[in-house]
Amino acid sequence: ELAVEHQAKLLRALQERKVRPVGGRADVPVDVRVIAATNRNLLEEVRAGRFREDLYFRLAILVLKTPPLREREGDVSFLLDRLLDKLNAEMANRPGAAQKKVSVGARNLLLRYDWPGNVRELESTLRRAFIWSRGTVIDEGEARDALLTAPRSLTTEVLGRPLGGGFNLSDLMGDVARHYLSRAMQEAQGNKTLAASLVGLASYQTLKGWLTRYGVNE
């Protein structure tokens with residue numbers, strides 16, 4: 001987000017290890033460590049001329065890439081539980097407060113959502129649902145109302161992809177299988193017999209074969 005002319009000033013400060021304070025007449029030596037974060041693809045920004053290549057290579061020493069929440073499906077269920085615990089603790093001392101839970105339908109809806117705003121959006125959505133829910137269980141309708149955008153249709157996501165250009169049917173089928181197997185194991189809390197019934201498999205032995213085939217953690 002930094003303007004190009006300011007990028008040059010930052011680069012010079014990092015290379016020369018000195019800065020001149022506003023209104024100052026002399027440079028001041030500095031010894032700093034820089035932690036930089038962005039939600040942009042900086043290599044694309046460099047190619048577009050919006051980010052200096054020399055500054056990019058000066059900053060990109062130890063690079064940590066955090067996948068968006070939509071690519072960390074198992075984390076959403078964990079975060080839901082932790083954030084709900086946090087809300088229950090936060091509201092516990094308020095007049096008329098009640099400990100609340102999330103219904104299975106509401107949880108499934110939230111697990112299917114893409115979370116373009118990542119953890120902040122998840123926390124804000126859960127807080128809205130918590131505040132406006134009428135009972136001690138947040139139902140699916142209340143969770144849906146708390147979302148600022150409608151969840152994408154699974155039909156559109158799976159059946160509407162363009163063909164060619166790297167499309168791979170086998171990979172897509174694997175993604176779908178992993179999605180539903182993971183959800184079944186989460187909802188069944190690790191009970192394979194129950195998980196098998198949730199996805200229409202004949203027995204827990206059959207489910208175990210599917211888990212192994214698609215690399216889903218038991």
Side-chain angles (χ1 to χ4, degrees), residues 65-88 98-119 121-123 125-126 128-130 133-218:
K65 294 182 179 180
T66 305
L69 197 53
R70 65 179 175 273
E71 295 177 11
R72 310 200 311 270
E73 185 176 296
D75 288 0
V76 177
S77 182
F78 172 82
L79 287 167
L80 272 174
D81 292 336
R82 298 289 77 76
L83 292 172
L84 188 61
D85 288 345
K86 176 182 173 183
L87 280 169
N88 277 317
Q99 297 291 290
K100 297 191 178 184
K101 299 187 293 185
V102 175
S103 72
V104 173
R107 178 179 290 271
N108 288 340
L109 175 75
L110 298 175
L111 290 176
R112 291 196 304 269
Y113 185 64
D114 277 347
W115 301 112
N118 292 298
V119 178
E121 184 184 8
L122 173 60
E123 183 170 14
T125 299
L126 190 59
R128 280 192 295 274
F130 190 101
S133 60
R134 294 181 294 274
T136 58
V137 177
I138 300 170
D139 63 30
E140 183 174 350
E142 291 166 337
R144 188 181 298 277
D145 290 342
L147 290 168
L148 295 182
T149 56
R152 285 193 307 178
S153 163
L154 186 62
T155 301
T156 302
E157 170 64 12
V158 174
L159 302 183
R161 296 189 185 186
L163 300 178
F167 177 85
N168 186 300
L169 181 59
S170 178
D171 288 347
L172 178 59
M173 298 295 284
D175 289 343
V176 172
R178 279 186 287 273
H179 170 84
Y180 284 106
L181 290 169
S182 296
R183 279 181 55 193
M185 290 299 291
Q186 288 169 4
E187 289 183 29
Q189 298 182 343
N191 183 318
K192 295 189 187 65
T193 300
L194 176 57
S197 70
L198 289 175
V199 292
L201 297 177
S203 66
Y204 79 88
Q205 293 96 333
T206 306
L207 175 77
K208 190 173 178 64
W210 280 66
L211 295 174
T212 301
R213 184 188 315 166
Y214 291 106
V216 176
N217 193 326
E218 296 185 18

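Taking each heavy atom of T66 and R72 in turn, the nearest pair found is CG2-NH1, 3.8 Å. Here the shortest heavy-atom pairing between L207 and M185 reads CD2-SD, 4.0 Å. Closest non-hydrogen pair, N168 versus S170, comes out as OD1-N, 3.0 Å. Across all their heavy atoms, A143 and I138 have their closest contact at N-CG2, 4.2 Å. Annotation for L80 and L122: closest pair CD2-CD1, 3.8 Å, computed over non-hydrogen atoms. When all heavy atoms of L109 and E140 are compared, the closest pair comes out as CD2-O, 3.8 Å.
The backbone N or O of S133 lies less than 3.5 Å from a partner atom in the side chain of K100, making a donor-acceptor pair. In this structure a side-chain-to-backbone donor-acceptor pair under 3.5 Å is present from Q99 to N88. Listed for the S77 side chain is no donor-acceptor partner under 3.5 Å among the backbone atoms of G74. Under a 3.5 Å cut-off, the side chain of E123 and the backbone N or O of L83 do not form any donor-acceptor pair. In this structure, N118 contributes its side chain and P68 its backbone to no donor-acceptor pair below 3.5 Å. Of the possible donor and acceptor atoms, one in the side chain of D139 sits under 3.5 Å from a partner among the backbone N and O of G141. The backbone N or O of V216 sits nowhere less than 3.5 Å from a side-chain atom of W210 that would complete a donor-acceptor pair.
The OG1 atom of T193 sits 11.0 Å away from atom CG of L198, with the distance rounded to the nearest 0.5 Å. Annotation: the span from W115 atom CH2 to L79 atom CG amounts to 10.5 Å, rounded to 0.5 Å. Atom-to-atom distance recorded for L194:CG and E187:CD is 8.5 Å, nearest 0.5 angstrom. The line from CG of L181 to CG of N217 is 12.0 Å long, rounded to the nearest 0.5 Å.
Between R107 and Q186, every side-chain heavy-atom pair lies at or beyond the 4.5 Å cut-off. Between L69 and V76, the closest side-chain pair of non-hydrogen atoms falls below 4.5 Å. Using a 4.5 Å cut-off on side-chain heavy atoms (C-beta onward), D175 and H179 make no contact. Using a 4.5 Å heavy-atom threshold, the side chains of V102 and L126 count as touching. For the pair L147 and L110, the minimum side-chain heavy-atom distance is below 4.5 Å. The closest side-chain heavy-atom distance from F130 to L84 is below 4.5 Å.
Crowding of E71 atom CD: a count of heavy atoms from other residues, nucleotides or ligands under 6.0 Å exceeding 12. At most 12 non-hydrogen atoms from other residues, nucleotides or ligands lie less than 6.0 angstrom from OH of Y204.
With sequence neighbours left out, D85 forms a side-chain hydrogen bond (donor to acceptor under 3.5 Å, both in side chains) with R82.
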